[in-house]
Amino acid sequence: MGFESMSKAPWVRIDKVGEHSGEIVEIRGWLSRLRSSGKISFLQLRDGSGNIQGVMAKADVGEEIFAKSKSVGQESSLRAWGKVNPDERAPGGYELHLTDIEVLHHAEGYPITPKEHGTDFLMDHRHLWLRSNRQHAILKIRAEIMKGIIDWLDDHDFLRVDTPILTPSACEGTTTLFETDYFESKAYLAQSGQLYNEATAMAFGKVYTFGPTFRAEKSKTRRHLMEFWMVEPEMAFCDFEENMRVQEQMLEYVAQRVLEKRARELKVLERDTAKLENIKAPFVRLAYDDAVKLLNEKGVEFAWGGDFGGGDETIIAESFDRPVFVHRFPTAIKAFYMKPDPERPEVVLGADLLAPEGYGEVIGGGQRLDDLALLEQRIKDHHLPEEAYAWYVDLRRYGSVPHSGFGLGLERTVAWFCGLEHVRETIPFPRMLSRLYP
RNA sequence: UCCGAUGUAGCUCAGUGGUAGAGCAACCGGCUGUUAACCGGUUGGUCGUAGGUUCGAACCCUACCGUCGGAGCCA
């Protein structure tokens, strides 16, 4: 459709109207809500950048134009012209005194009304729900976290080298994978870029991959999605301790940046920002052995050698005022590529980062096994197909070095920063056990 | 896969054996400062599905299906 100007008024984004105070401007957007009386109507307008209230008085515009304002359905698209007026009553500080509107498309029966809705209904209408203020706040914070992570890594000499999504086999062999046809053979959707990262780290030194990963586990909890985004940095010549320092510095930077740049969005979500101020290095370091003792002291029956459940993680995390690294897990419960502690081979040089407030494990990482013979042995012990891992073993054959890395789950981090009940709102179109639509 | 909830109007819910209800949305009308606007009216139902008990079932029983939460697994 053509947008030939009805006037000389400039088209302005709502978040920039303050630069045009007192001037006539054009807004292009959607009607989020309409209230009207006999001689005055209030049009809540949004254009993706913000919200502003347009006010139209019959006495100012006349019968004909005023009539147009009374028959606009919720979420109709329109152009609106009016004078930008500072007003103390307006949430954004400005109102638009309308002189005219042009409805581009009349919407009728918009399903998401100003009243309450259940989550399932809203998820069925996710394509429309994204228009709400709350979803805007969450997804803007998501974007800020992603940008913060990327900026920090790029500024610290990491090279983004993304890894494949279609893979020939399991990276870890333990979890369920989504299978798809790959011409005459099978391919699997990647559950981690980890092993490929080790190859690119040997090529470029410090690398990261940032993209979607897939788990076909039938998990039905507030912390799980079938498709989620993960950032996975990997560093050559990096030991277990340095790896944790990188993680805490990166997270501190991202948290402080979100607090600074997305204060308005955090307010929309009514987030207690004091909880986020605490995301400062150094984080707590708690040996697995001590975590077991801590659980026992709190009355939880837990034997050395087991893995923590969601409830256990919450108890551990709530014992501290900042994120906690739980390190040196039993070798038997961790992946084959983790490096055993040379002084205590029954534990590995790995650490999970537990977020406070019950958000659980947001990072898993550690030092990788760099010894050729031991790696070959562990692949046998885990009954993994040797041919499939030949290239991975090669990395220990040609210039093996100590190296470490980690994977941070984006959606859990977003849920944590935003203070959400469930990760499903942290991604535009969540993929869950019983949801593939829209 | 297991455990526990739950399913009634487009939405959120009430109704626990005797005529199917409310608020909101939609539609019509009224109102000059609303901001989950307000006031009056209209429209709107295979009570998840299939069987059973009963004179009579949204309600009691059985099975199945869907959804939600949790466990396991993980980020």
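We name chains A, B, ... by the order of the sequence lines, and we start the count at 1 in each one. For the numbers below, each heavy atom of this structure counts, side chains included, while hydrogens, waters and symmetry mates do not.
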Exercise. At under 4.0 Å between heavy atoms, which parts of nucleotides 63-70 of chain B does protein reach? Answer with one letter per nucleotide, 5' to 3': B base, S sugar-phosphate only, - none.
Key: ----SBBB
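- Among the heavy atoms of the strands lying under 4.0 Å from A/Ala59 is at least one base atom, whether or not backbone atoms are also near.
- Distances were taken from every side-chain heavy atom of A/His117 (C-beta onward) to each of B/rG72, B/rC11, B/rG33; the shortest belongs to B/rC11.
- Backbone-only contact: A/Gly118 has heavy atoms under 4.0 Å from sugar-phosphate atoms and none from a base.
- Out of B/rA75, B/rA37, B/rU32, the shortest distance to the side chain of A/Ile40 is found at B/rU32.
- Across B/rG33, B/rA75, B/rG72, the shortest atom-to-atom separation from the side chain of A/Glu95 is found for B/rG33.
- Of the candidates B/rU1, B/rU32, B/rC73, B/rU32 carries the atom nearest the A/Lys39 side chain, counting heavy atoms from C-beta on.
- When heavy atoms are screened at a 4.0 angstrom cut-off, A/Leu410 is found touching no nucleic acid atom at all.
- Within the nucleic acid shown, A/Gln53 comes within 4.0 Å of at least one base atom, counting heavy atoms only.
- Within the nucleic acid shown, A/Lys70 comes within 4.0 Å of at least one base atom, counting heavy atoms only.
- Nucleic acid contact for A/Phe228: base, since at least one base atom lies under 4.0 Å from a heavy atom of the residue.
- Side-chain rings of A/Tyr208 and A/Trp152 stay apart, their centers remaining 6.0 Å or farther from each other.
- Side-chain contact, A/Tyr337 with A/Asp370: no donor N or O sits under 3.5 Å from an acceptor N or O.
- Rounded to an integer number of Å, the gap from CG of A/Asn133 to P of B/rA36 is 12 Å.
- Considering only side-chain atoms of A/Phe42, the nucleotide from B/rA37, B/rA75, B/rG33 that sits closest is B/rG33.
- B/rA71 atom C1' lies 14 Å from atom CG of A/Asp307, rounded to whole Å.
- Annotation for A/Leu34 and A/Val72: closest pair CD2-O, 3.6 Å, computed over non-hydrogen atoms.
- Looking at heavy-atom distances under 4.0 Å, A/Ser219 makes contact with a base.
- Interatomic distance, A/Asp352 CG to A/Glu313 CD, rounded to the nearest 0.5 Å: 7.5 Å.
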